[in-house]
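The structure appears below as structure tokens.
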Amino acid sequence: MRLSYPADIKVIQLPCTGRVDILHLLNAIEDGADGVYVAGCLEGECHYIEGNLKARKKVEYVKKTLAELGIEPERVEMYNLSSAQGARFAQIANEMVDKIKELGPTPVKNNHAA
Amino acid sequence: MSELKSGSNLEKVLNAGHFAFTGECGPPKGANVAYLKEKFEYLKGNVDAVNVTDNQTAVVRMSSVAGSALMIGEGLEPNFQMVCRDRNRLAMMSDILGAYALGIRNMLCLSGDHQTFGNHPEAKNVHDIDSMQLISMVKKMRDEGKFLNDQDIDVPPKMFIGAACNPFADPYEYRVYRLANKIEAGVDFIQTQCIFNMDKFRDFMKKAVDMGLHEKCYILAGVTPMKNAGMANFMSKFVPGMDIPDSLIKRLKGVDKKDQAEEGIRFALEQIEEFKEMEGVAGVHLMAIEWEHMVPEIAQRANVLPRPVV
Amino acid sequence: MIVADRKSLKEILAMVEDNKKILIAGCKGCVTVCNVGGLKEVEILASSLKIARKKQGNDIDIDIKVLERQCDTEYVAEISDIVGDYDAVLSLACGVGPQFLSEMYKDQIFYPGVNTTFFGGATRHGVWEERCAGCGTCAIHNFGGLCPIARCAKSLMNGPCGGSSKGICEVNKDTECIWDAIVKKKMEAGKLEDLIGVKGIKNWRTARDGGPRRSIREELVQGNI
């Protein structure tokens, strides 16, 4: 299909979004990511039954934490799509990048970073 | 006629077999004695004794001991209320002695509304002893002349001991046994929660009479005249332990807004008439909440005047 | 177990405001079981605090350590080598933990990261409820195995108050009236007679009212068992 998606995104592959941990999301923000999103399977179609549902709850937890810290919770999102939806994948990537650009760079600055 | 335990007017009225009629008066949210005396005027001569509430609904008010003492000064007989929420056993015994020294002869032993309902919800509550144990403590002080620690009291307080009973709270089947426990603890008279569901109260009294409880204590039926349908609605929804049948709310709504108060009074009068005849009921406790000025009219129309002098 | 809730990030951030390097000390006891002060929660808190401080442009170094228990001096002693390396130590143990730490390491500052709430257990995943008031004189066998001291809002020992409605306590619509449960249990067992008669006045000397308490087991003190 030769669909393109923005180069701003670094994809980290996991066997299932059930493996996503609150700490993965928090650490990404802590290390200066402007946004993080989890792309899980469609709800009801998880091979491990509820991995994607658990991931959504973890995303919600992190959103709450960010809000408590005065950081836009929209920087962390959960999306559901199937592996056959290439176009949807590209669309989500563009959507997320547009949103983050609108929000601007992360307020979490790595002051000691070289 | 049995020997008097306290010699209070209320005890004498009940002991002589008269249908008792008691009222209620909430002390002011302040030290406003004039306000209190105005309320007393509506009650004087119209009731046998007046309950003086103890920080009711956990809202801070002038103390019930002070309110009761002021009442005595105006020639009325108080029924001093004491809740277990605000005092430990030391403060309770001390206040009971003080109350008696000030001429108080009736007291009502209550658990007390939880402080979260009141105007100081951050308060620590006490509940050192519960209302049942308070009854037995007052009885011990009176009949044995001893403190809880079994030491002698120098001039014991001779109180006519009252307690509350809510036949409309759950679990219903247990309520009559709880009443029996209060009698075993030593209660002399009972004032019930405001009654609106007459069917349920008839059933409750039948159970109480079957157990012979009416022969072991005087049961005064609680009556509160509704000011309007809004009050009935509010109490039904927000006051814990209230049982207000839809039929009553409908009846109040069925008349013009300006006539709802009169309809509420009529319902109360019908209740009083029935209580006069109901087996086991020894009197009525009229709780005209912030409506004390209506007490003379209600007493008149209920045909309970003049109050007996015994 | 002892149940606790984590303090808000705002409150914790205010505590460590002036600190540049802290240790977050978790506990593998009760607070791990109630998901508030175990390894996972320690890590999440560390990351959250670091995010907040980076946002302020005022980075904070955070190390983490989860002790076997913070209520035993032998485990508290495990951090003796490192405790001096920090501006402060934030304990996620129950209220006992930061006190045992404070008592052993007198020069260090310890902050409580949780609010210790009650003795209870999980009634379902994520929900804990109070069961025991630690009054020092257990009598639950007199009440169908249910404690009215801990579970009745007024600690009534002689039946439900007038605010009990449809099994719910007047104080909170999410709280069951424990007296309703006690009465129903006795009725179903045909043992209502257990609730006839007045239960005597409680001796509160064994509770907190008698002053701070201490348990001594002589045979253990002497070390011969």
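Proteins get letters first, then strands, A, B, ... in listed order; numbering begins at 1 in each.
In this structure, B:Lys158 is not positioned above the aromatic face of B:Tyr100 in the sense of NZ or CZ being under 6.0 Å from the six-membered ring centre and within 45° of the axis.
In terms of heavy-atom pairs under 4.5 Å with chain C, the best-connected choice from B:Arg178, B:Arg85, B:Met132 is B:Arg178. Ranked by heavy-atom pairs shorter than 4.5 Å toward chain B, the options C:Ser155, C:Gly159, C:Gly197 are led by C:Gly197. Per-residue counts of heavy-atom pairs under 4.5 Å with chain B were compared for C:Cys177, C:Gly167, C:Ser165; the largest is that of C:Ser165. Interface remark: of the candidates C:Lys154, C:Lys184, C:Glu170, C:Lys154 forms the most heavy-atom pairs closer than 4.5 Å to chain B. The residue among B:Asp130, B:Asn166, B:Leu134 with the most heavy atom pairs within less than 4.5 Å of chain C is B:Asp130. The choice from B:Gln193, B:Arg89, B:Met137 that makes the most heavy-atom pairs within less than 4.5 Å of chain C is B:Arg89.
Ionic pairing of B:Lys140 and B:Asp150 is present here: one or more N-O contacts between side-chain nitrogen and carboxylate oxygen are shorter than 4.0 angstrom. Using a 4.0 Å cut-off between charged nitrogen and carboxylate oxygen, B:Glu144 and B:Lys139 do not count as a salt-bridge pair. Using a 4.0 Å cut-off between a side-chain N of Lys or Arg and a carboxylate O of Asp or Glu, C:Asp72 and C:Arg69 qualify as a salt bridge. Under a 4.0 Å N-O distance rule, the pair B:Asp86/B:Lys124 does not qualify as a salt bridge.
Using a 4.5 Å cut-off between heavy atoms, B:Leu110 makes no contact with chain C at all. The contact between C:Val171 and chain B is made by backbone and side chain atoms together, counting heavy-atom distances below 4.5 Å. Contact annotation for B:Glu173: both backbone and side-chain heavy atoms come within less than 4.5 Å of a heavy atom of chain C. Neither the backbone nor the side chain of B:Phe168 comes within contact range of chain C; no heavy atoms are under 4.5 Å apart. With a 4.5 angstrom heavy-atom cutoff, B:Asn181 touches chain C via backbone and side-chain atoms both. For C:Leu195, the parts lying near chain B are the backbone and the side chain together; criterion is any non-hydrogen pair under 4.5 Å. Heavy-atom distances place both the backbone and the side chain of B:Asp128 under 4.5 Å from chain C. If you measure heavy-atom distances from B:Ala180 to chain C, you find no contacts under 4.5 Å at all.
A donor-acceptor distance shorter than 3.5 angstrom exists from the side chain of B:Thr224 to the backbone of B:Met287, with no hydrogens or angles considered. Using a distance-only test at 3.5 Å, with no hydrogens or angles considered, a donor-acceptor pair links the side chain of B:Arg61 to the main chain of B:Pro27.
Using modelled atom types, one finds a donor on one side chain and an acceptor on the other under 3.5 Å when comparing B:Asn51 with B:Asn79.
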Exercise. Check the pair B:Phe201, B:Phe275 against ring pair (Phe, Tyr, Trp, His ring centres under 6.0 Å), reporting the backbone distance first and the verdict last.
Key: CA-CA 10 Å; B:Phe201 188 67; B:Phe275 292 141; 5.5 Å; yes
